[in-house]
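The structure under discussion appears below in the form of structure tokens.
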Amino acid sequence: MSAHLIQDEPDTRNVLDRTTQGIIGKPLSRPDGLLKVTGTATYASEYDIEGCLEGVLVTAPFAKGEVTSIDDSSVTGMPGVVAVLNDKRMTPRAIQGTAGEAPHTGLCKVDYWGQPIALVVAETFEQARDAAKHLEIEFNSEDAIFDPAACTPEPDDDPTRQGDLGKAMSDAEHSVDLKFTTESHASAAMEPHAAIAQWDGDTLTVHASLQMLNYNISELADAMKLDESKVRLVARYVGGGFGSKLGVSQDIVAASVATMQLGRPVRVVMSRQQVFQNVMRRSETSQRLRLAVDHHGKLTAFGHEALVSNLPEEDFAEPVLQSSHFLYAGKNRLLQSETARIHRMTAGSVRAPGEAVGMPVLEAAMGELAEKAGIDPVQLRLDNIPTKHPATGKPFGSHKLAECLQRGAEAFGWDGSDRTPRQRREGEWWIGTGMASAARVHNVGEAKARVTLHDDGTAKVETDMTDIGTGTYTILGQIAGEMLGLSQSDVLTELGDTRFPRGPGSGGSWGAASAGSAVFVACEALREEIAQKIGQPVDALTFKDGLVSWDDGSVILADIANGENFTKEGHFEPGDIAEDYTASGFGAFFAEVAVNRWTGETRVRRMTGAFGFGRVLNAKTARSQCLGGMVWCIGSALTESLMFDPTDGHLVNPDLAEYHVPVNRDVPDLDVLLVEERDAVASPIQAKGIGELGMCGGAGAIANAIYNACGARLYVFPMTPDKVLAAMPVD
Amino acid sequence: MKPFDYIRADGLDLAAQQLSHNGAMAIAGGTNLIDLMKLQVETPAALIDLNPLPMNQIANEGDGLRIGALASNTAIANHAKVRADYPVLAKAILAGATQQLRNKATMAGNLCQRTRCYYFTNIDQPCNKREPGSGCGAIEGIAKLHGVLGTSNQCIATYPGDMAVALYALDAQIEISGNDGAARTMPLREFHRLPGETPHIDNNLDAGDIITGVTLPAPVGGTQAYRKVRERSSYAFALCSVAAVIAMADGRFTRADLAFGALAHKPWYDHRVGEMLIGEKPSLALFDKAADLLLEDARGFGANDFKIPLARRTLAATLCEATGVEA
Ligand SMILES: Cc1cc2nc3c(=O)[nH]c(=O)nc-3n(C[C@H](O)[C@H](O)[C@H](O)COP(=O)(O)OP(=O)(O)OC[C@H]3O[C@@H](n4cnc5c(N)ncnc54)[C@H](O)[C@@H]3O)c2cc1C
Ligand code: SF4
């Protein structure tokens, strides 16, 4: 019943190019769209469960130390209050993506400001919230370090050193040696972290807002000391995750402890402030870029160093250099990263961990290098595309950087003309343009999916994969429909339940390629079985519109079933192909900005992105991912910054009024070019990740455009008006 | 959020009496108050909902205009006479918040909106405004939104709104009904207070006072501008704003009513700045001198140091735009 594909070799069969249903890649709308816009898609906290209690987390008003006592009696008499829980199974930190375990439990030791220290449970939400504010606690707090520059960082394991960077720098015709900083980012997903947990005496069922159920079930089971078979997680719809829901968050374990202790369902929804204060932040970074070119414009030195931070005892370090390892050639290389241990909330994955902040900085430095060397910035990139991974020597599965640069330049109207800054003014606005490359490593993971062909000729796809707003429902149905010759409406996709076959979930842009491949494998097996029933080789068959036909015959798919349902479970494993090849998405950004000469306010006027990420499974959802990524570029370039108090380390702007993501008016018409590509290495469906590529570098294009517009070279992201003004030449 | 009683107002006098009780607060659009209640920053024992009171009219009064306390921001900004005769007011309102918020936000609520100081809205932080005597978290902390003019060592918060800045430039009057039912009027420019030693008091309302309306003097014409500098192009509070009502004759200023937002605990109106411009020919050098006077006593607190040069530049930009001086 199960078909297993381990991909050790490139898959050049391009099966999805030979199928005939004709829906793969098409810009089909989401089957779940109507439910979402009519408010009938049920999100984690929205299940109406009888007798559900409400829990509110109480958080620490200090950054480091210990809770010495919690006085339950300060709230137990309050109306509706049922219990105050502080249990050693509860998790003080959000769990890192793919941890698969709960490394930190117990709430009494506090490591960051706003950490949960207890849960107050009451009959109504209002009662619980009021009691939570009244709970009396005693604690001992200690001094802590909040500033990454104020401690001795730990070096990361394997720096890359090739040749002699220092010498290459001093020998070079043109070089830059630049230091940049980027601020911490929040995922700022619309749906807060929320859970409803129900214990029936045997099994714990939790509706939660999560991205990776397969890992999350292990994390929750580990925290609760339950066998995984006694846990069920459901996340049918997720209102955005962006990495912040990769691992189990504190609300989920707290609700689970509460339901098991109290014997009633318990809902815990984090407030907006708690979401900001408790779930993963992207680390702030300090980066140094040393780049040099010879007189042919070839890179001779490539140095990229980064300092990031995290709490003590966290494995994750923002992988700032991830794509710098292979984006450009250059013999003399140094890439190294360090981690400072500080007491801000856990740093973890926020959309495009690594490239989101590493690429804009690299690309801003490339912009400055191009200027110094007098080379057009597009040309500088084109001239330095490596043919294989510069350190490992592994070939690329496919590589669309050059094409993206060229097509993007053409679409944007980049003509390689004079790049002198301060040449164009419209009224009080300086106008300028800038560009950057995009790169984001391709990830893929082991995945399973079940596809059932019903006797009425419709099909069902089931997997625990999630749809975090990205379009998983749409593309998995499309892949199955394409393979089995069915229309979109004849395929029902069910997601987000650990009772379904498991996969890696959504994260690292790997969902589509991983879960999509599992669906593909299941469908191949179904096709094979149908071929056997018909007595024809599978390659001789055409599946289209519910009909299977061959040279001289055809049969209705429903009739083959003959009253039976066929089910296949597809099991896809990446195999060791990653050891032989480098797989990455590439692209290019072009931006035009206006900078106000008086106030330093910067507005993006237009932006073009060209991206190559393997097979486009759905042109609409893929484009939407690119658009979303480009909106994030605008935010990280211009406004987004988590600000921490220097004295006690608390986050001062924990809400959407003061953490400034771009609003509608900040986002001009964005032009997206999907550069078709087949990457045989990436997956058997030749698709790579797209969810993050759209934000990997674009903030650098905006930075370069600011310089070109008004002559302000900034080395800090975000480039808020105060920073722009400070760097703007006096006129 | 603390449980509270909810009372719909039934007549101004009764509402005033109800409001005089300890812990009672008026609610209008609720867009500021309810947010603060959720954060436990405001903990009223009772909310007196003013909405049933007939206070949302906008009507001519003499040569001027009277705007009821409950008139929505949207209604004011769209009012034909406001658009024609007091465009700076419409511009300032439209520069604030979002359409949805402006539909709910009222004249009085907007004037009484509280500071956005990050430490004020976090009850686990010291704040003399929220809890007199507890200290000021912002002075040693992140003072990005904070004031550079008229601050005290107790509090450096700003009044965050936009609409009131225009009303200061227009020299509006505010009408208040006291808890004894007696009506009084004062220049709006005297309504908001500086923090001094009493940062917990934002304005000159007494217990039981209800704002009933705002009146605008007869239109003065001229060129009216509102310029708001902000990080993103909508849905962000000002880093600095300038409301200007400018008139010129023979190439010289005959009127220069200027008010500034986001620089102080109240919209900032310094009559000396306008006065020094009157009779002068507009020029960049003159605008710089005006800024010198405006910012004479300005003082930054680190993260908001930029507001001092920014205010200078925003003033120049506004005056250039209003007078046609090329820069
Ligand atoms: C995210 C966000 C962004 C915003 N951005 C901006 C912006 O850019 N610019 C801007 O100017 N504003 C902005 N605002 C603030 C908004 O303008 C105010 O919330 C609104 O004007 C308050 O009016 P309201 O009627 O809702 O007041 P309420 O919340 O009902 O009341 C506010 C205060 O006024 C008191 N009050 C109300 N009516 C009376 C009365 N008649 N007499 C006496 N006291 C009274 C109440 O007791 C309360 O203390 C923003 C708000 C939010 C939430
Ligand atoms: S500036 Fe004023 S409002 Fe802010 S913390 Fe200090 S006292 Fe409170």
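Chain naming here is simple, since letters A, B, ... match the order of the sequence lines and numbering starts at 1 in each. Please read all numbers here as calculations on a predicted model, not as lab measurements.
- With a 4.5 angstrom heavy-atom cutoff, A/Thr647 touches chain B only via side-chain atoms.
- A heavy-atom distance below 4.5 Å is not found between the side chains of A/Thr599 and B/Arg313.
- Only the side chain of B/Leu284 comes within less than 4.5 Å of a heavy atom of chain A; its backbone N, CA, C and O stay farther away.
- Side chains of A/His134 and B/Gln40 form a contact here, defined as non-hydrogen atoms less than 4.5 Å apart.
- Taking OG of A/Ser641 as the start and CD of B/Glu231 as the end, the distance is 8.0 Å to the nearest 0.5 Å.
- Atoms CG and SG, from A/Asp722 and B/Cys240 in turn, are 12.5 Å apart once rounded to the nearest 0.5 Å.
- Taking each heavy atom of B/Gly141 and A/Pro646 in turn, the nearest pair found is CA-CD, 4.1 Å.
- The side-chain heavy atoms of B/Pro3 and A/Glu126, taken from C-beta on, include no pair separated by under 4.5 Å.
- Within 6.0 Å of atom NZ in A/Lys133, more than 12 heavy atoms from other residues, nucleotides or ligands are found, so the atom counts as buried in its surroundings.
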- Decide side-chain contact (heavy atoms from CB on, under 4.5 Å) for A/Trp113 and B/Asp124; before the verdict, give the C-alpha distance in whole Å, the side-chain angles of both, and the deciding distance to 0.1 Å. CA-CA 10 Å; A/Trp113 203 100; B/Asp124 290 318; 3.5 Å; yes
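- Heavy-atom distances place the side chain of A/Leu725, and not its backbone, under 4.5 Å from chain B.
- Put simply, the side chain of B/Tyr119 reaches to within 4.5 Å of the side chain of A/Val652, judged on heavy atoms.
- Proximity to chain A (any heavy atom under 4.5 Å) is shown, for B/Arg230, by both the backbone and the side chain.
- When side chains are defined from C-beta on, A/Glu658 counts as touching B/Leu145, because their heavy atoms get closer than 4.5 Å.
- With a 6.0 Å radius and a threshold of 12 heavy atoms from other residues, nucleotides or ligands, A/Asn664 has its CG atom at or below the threshold.
- Residues A/Ile634 and B/Arg232 form no side-chain contact, since every pair of their non-hydrogen atoms from C-beta on lies 4.5 Å or further apart.
- B/Gln125 touches chain A through its side chain: at least one heavy atom from C-beta onward sits under 4.5 Å away, while N, CA, C and O do not.
- At least one donor-acceptor pair closer than 3.5 Å links the side chain of A/Arg665 to the backbone N or O of B/Ser233.
- By the 6.0 Å contact criterion, CD on B/Glu140 is open, its count of non-hydrogen atoms from other residues, nucleotides or ligands being 12 or less.
- Proximity to chain A is limited to the side chain of B/Cys320, based on heavy atoms less than 4.5 angstrom apart.
- Of all heavy-atom pairs between A/Asp645 and B/Gly137, the closest is OD1-O, 4.4 Å.
- For chain B, the nearby part of A/Asp648 is the side chain; its heavy atoms alone come within less than 4.5 Å.
- For A/Gln127, no part lies under 4.5 angstrom from a heavy atom of chain B.
- Between A/Asp655 atom CG and B/Leu39 atom CG the span is 8.0 Å, to the nearest 0.5 Å.
- Centroid-to-centroid, the aromatic rings of B/Tyr118 and A/His650 stay 6.0 Å apart or farther.
- Contact of the A/Pro721 side chain with the B/Leu239 side chain is registered, since non-hydrogen atoms from C-beta on lie closer than 4.5 Å.
- A 4.5 Å side-chain heavy-atom check between B/Ile142 and A/Phe644 finds every atom pair outside the cut-off.
- With chain A as the partner, the residue from B/Lys38, B/Lys307, B/Glu326 showing the most heavy-atom pairs under 4.5 Å is B/Lys38.
- At a 4.5 Å heavy-atom cutoff, the contact between A/Arg425 and chain B is made by side-chain atoms alone.
- The heavy-atom pair separating A/Val663 from B/Tyr235 by the smallest distance is CG1-CB, 4.0 Å.
- Of the listed residues (B/Arg312, B/Glu321, B/Arg227), the one with the most heavy-atom contacts under 4.5 Å to chain A is B/Arg227.
- Rounding to the nearest 0.5 Å places CG of B/Asp35 at 12.5 Å from CZ of A/Arg272.
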